Amino acid sequence: MDPYKLNEDLKLGVATAATQIEGGDTNNSWYEWAQEKDHIIDGTTPLRANEHYKRYKEDIDLMKDLSIECYRFSIEWSRIEPEEGKFNLEAINHYIDEIKSLKEKNIEVLVTLHHFSNPLWFEEMGAFKSKKSIFFFTRYAMYVVQALKDYANEFITINEPNVYATNGYFFGIWPSGEKSFFSAVKVMKNLAKCHISSYNAIHKIIPNARVGFANHLAIFSPLREKSLYDKITCFLVAKFFQGALTDAMALGKFRFPFCFLSSKRGVYYDFIGINYYTRRAISGFNTTFFKNTAKNDLGWEIYPEGLGIIADEQYKKYKKEIYITENGTCDKEDAFRSKYIYDHLKEVSKRDFIKKYFYWTFMDNFEWAEGESAPFGIVKCDFPTQKRKIRKSGYFYKEIIDKKEVNCQMIDEFLK
Ligand code: BGC
C-alpha cells in the first residue's frame with residue numbers, strides 16, 4: 001500500500017438521510033411500509049433509528065470530534081408538510097437550528113430535499129406516479145429553501161431517483177410495492193421534471209445557489225464477457241437504470257424510455273452528485289456480482305476503480321465539478337472499512353475536479369429494507385441504548401481529514 005496526498009481544497013465529510021436517523025415520525029411512507037410483516041428484514045421500523053431528531057446536538061459534537069468538514073443530510077418532508085398545504089413552522093425551525101449548530105462548528109451543509117420517503121398524504125395520492133407531484137414537490141422545495149436561504153446555499157433536490165423508482169415500482173421491494181416497468185418509467189420521468197422545476201424555483205429564491213441531484217451510479221459489466229446477449233442487455237440496463245435518467249435530469253433530455261422526441265433542453269445542475277458503491281454483473285436481465293471478488297457484508301462487490309471510471313465519465317459528459325455525495329460500505333466488524341476508504345479516496349486523489357466527498361454514513365442507521373441489521377457507519381450505534389462509539393475506521397478517516405493525506409505511519413496503524 002502506497003501513501004498518497006489529497007488535494008488541499010477537497011472537502012471531506014459524511015452523509016445521512018432523515019428517515020434513516022431521526023426517529024419519532026410516523027407520518028411518512030417508510031414508517032407505514034415497515035408495519036407490514038416481511039418488508040423489513042429484522043422487523044425494525046424507522047421510528048427509533050438513531051433518535052437524531054432529539055440528539056442532533058451531541059451528534060454534531062461527534063462530527064466535530066471526527067474533524068468533519070461538510071455534512072450532507074436530508075429534510076423529512078412529512079414533518080414540514082404533515083398535511084397537504086399545511087406547513088409546520090416548528091419543524092422548519094428545527095432544521096434551521098440544526099444548520100446553525102453545524103455552522104457554529106464550521107461544518108458546511110449540503111441539504112437534500114427528498115431522500116426516499118414521502119408524507120402519507122402524498123403517498124396516498126400516488127406520489128411521483130402522478131403528474132401533480134411536480135406542483136407539490138416544487139411547492140415544498142420552495143417553502144424549505146425560502147426558510148433556509150440565510151443559512152444554506154447548496155441543495156440536492158432528489159436522492160437516487162433511479163433506486164427510488166426501481167425498488168419501489170419495478171421490483172416492488174420498497175414503497176409503493178408495485179411491480180411494473182411502465183410505472184417505474186413514469187415515476188422516473190416525473191422525478192426528473194420535479195428536479196428541473198425545483199432547480200429553477202430554487203434559483204429564483206437564491207440566485208447563486210448550487211443545486212444538483214444525486215444519482216446512484218454503478219459500473220455495469222456483462223457477466224459472460226463474450227456473450228453478445230449479456231453485452232446487449234448490459235447496455236440496456238445501464239441506459240435504463242442510469243444513463244437516460246441522468247440526461248433527463250441534468251439536461252432536460254427526455255429520450256427512450258421516457259419518450260422518443262426530446263423536449264426542452266437546458267442545464268439543470270451546478271455540480272454532479274455521484275453515489276457510488278459497487279460494480280454489477282449483468283446476465284440477461286438479471287443483475288448479480290462477479291464471483292471471486294472482494295465483497296462487503298451485503299455481498300456487494302468492492303470495486304474502487306469504478307469510482308474513478310464513473311467520475312471521469314460524468315466529468316467528461318457534464319463538465320462540472322463532481323461531488324461524491326455517497327460512498328461507503330456495510331462492514332459489521334469494521335474489518336475492511338478503513339481499506340475501503342483508503343482505496344476509494346485514492347481514486348479521488350487522482351482527480352482534482354472532485355471537490356467534495358461524503359462518506360456514507362456517519363453512524364449505523366435504519367438501512368431501509370435491511371432495517372437496523374446493516375451497519376455502514378464510521379460511528380457504531382447500539383440501538384437499544386443509543387450509545388455511539390467511534391470505530392477504528394472513524395479515527396482513520398479523521399486523520400485523513402486532518403492531514404489531507406494517507407502517510408506510511410497511518411498505513412501501519414490502520415491498514416495492516
Ligand atoms: C442510499 C442510502 C443507503 C445507501 C446504502 C444509497 O442507495 O441513498 O440511503 O443507505 O445507499 O444502501
Side-chain angles (χ1 to χ4, degrees), residues 13-23 28-31 33-34 40-42 44-46 49-50 52 71-77 110-118 156-171 173-175 188 191 195 212-220 241-242 245-246 249 272-280 287 289 295-303 306-307 310 323-332 337 340-341 344 357-379 381 383:
V14 284
T16 64
T19 320
Q20 294 183 269
I21 60 168
E22 286 183 346
N28 68 73
S29 50
W30 268 91
Y31 175 75
W33 178 256
I40 311 293
I41 283 179
D42 61 359
T44 54
T45 81
N50 304 96
H52 174 78
Y71 178 43
R72 174 184 169 219
F73 68 99
S74 78
I75 308 272
E76 188 69 80
W77 183 1
L110 171 56
V111 180
T112 305
L113 296 170
H114 187 272
H115 196 126
F116 296 157
S117 88
N118 297 321
I156 282 187
T157 54
I158 292 161
N159 179 68
E160 298 191 350
N162 52 355
V163 172
Y164 172 89
T166 46
N167 281 353
Y169 291 85
F170 181 65
F171 296 116
I173 52 169
W174 284 12
M188 283 189 188
L191 282 165
H195 164 73
F213 55 91
N215 226 353
H216 182 103
L217 301 178
I219 296 280
F220 288 100
F241 185 73
Q242 53 199 30
L245 184 60
T246 310
M249 304 206 40
I272 285 287
I274 298 176
N275 291 0
Y276 175 77
Y277 288 90
T278 191
R279 168 168 73 165
R280 290 173 188 276
T287 131
F289 295 97
K295 307 269 183 352
N296 77 5
D297 288 351
L298 294 174
W300 304 357
E301 183 183 348
I302 300 175
Y303 184 63
L307 178 68
I310 286 188
Y323 291 178
I324 305 299
T325 37
E326 284 182 30
N327 172 241
T329 197
C330 176
D331 174 9
K332 293 193 172 96
R337 188 177 283 104
Y340 183 100
I341 294 174
H344 287 77
Y357 171 93
F358 297 85
Y359 178 78
W360 183 274
T361 183
F362 171 51
M363 67 184 145
D364 304 343
N365 59 26
F366 177 79
E367 173 54 39
W368 310 115
E370 311 291 331
E372 293 173 356
S373 72
F376 278 74
I378 47 172
V379 172
C381 177
F383 293 98

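Any value given below was found using the heavy atoms of this structure, including those in side chains, with hydrogens, waters and symmetry copies removed. All of these numbers come straight from a predicted model, not from anything done at the bench. Start at 1 and go down the list; that is how both ligands and their atoms are numbered.
Figure legend: cation-pi geometry between Arg72 and Phe358 absent, as NZ or CZ is not positioned both under 6.0 Å from the six-membered ring centre and within 45° of its axis.
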| said: Applying side chain to side chain donor-acceptor pair (under 3.5 Å) to Asn159 and Thr112, what does each step give before you reach the verdict? | reply: CA-CA 7 Å; Asn159 179 68; Thr112 305; over 6 Å; no

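Aromatic rings from His115 and Trp360 are positioned such that their centres are separated by under 6.0 Å. Separation of the Tyr277 and His216 ring centroids falls under the 6.0 Å cut-off.
Checked by atom type, the side-chain pair Asn327/Tyr340 shows a donor-acceptor distance below 3.5 Å.
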Within the protein, flag every N or O under 3.5 Å from an N or O of ligand 1, and note the pair and distance.
unit_1: ligand 1; atom_1: 7 (O); unit_2: Glu160; atom_2: OE1; d: 2.5
unit_1: ligand 1; atom_1: 7 (O); unit_2: Glu160; atom_2: OE2; d: 3.0
unit_1: ligand 1; atom_1: 8 (O); unit_2: His115; atom_2: NE2; d: 3.1
unit_1: ligand 1; atom_1: 8 (O); unit_2: Asn159; atom_2: ND2; d: 3.0
unit_1: ligand 1; atom_1: 8 (O); unit_2: Glu326; atom_2: OE1; d: 3.0
unit_1: ligand 1; atom_1: 8 (O); unit_2: Glu326; atom_2: OE2; d: 2.8
unit_1: ligand 1; atom_1: 9 (O); unit_2: Gln20; atom_2: OE1; d: 2.8
unit_1: ligand 1; atom_1: 9 (O); unit_2: His115; atom_2: NE2; d: 2.8
unit_1: ligand 1; atom_1: 9 (O); unit_2: Trp368; atom_2: NE1; d: 2.8
unit_1: ligand 1; atom_1: 10 (O); unit_2: Gln20; atom_2: NE2; d: 3.0
unit_1: ligand 1; atom_1: 10 (O); unit_2: Trp360; atom_2: NE1; d: 3.2
unit_1: ligand 1; atom_1: 10 (O); unit_2: Glu367; atom_2: OE1; d: 2.5
unit_1: ligand 1; atom_1: 11 (O); unit_2: Tyr277; atom_2: OH; d: 3.4
unit_1: ligand 1; atom_1: 12 (O); unit_2: Glu367; atom_2: OE2; d: 2.6

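Between His52 and Tyr71, the ring-plane angle classifies as perpendicular under the 30° and 60° cut-offs.
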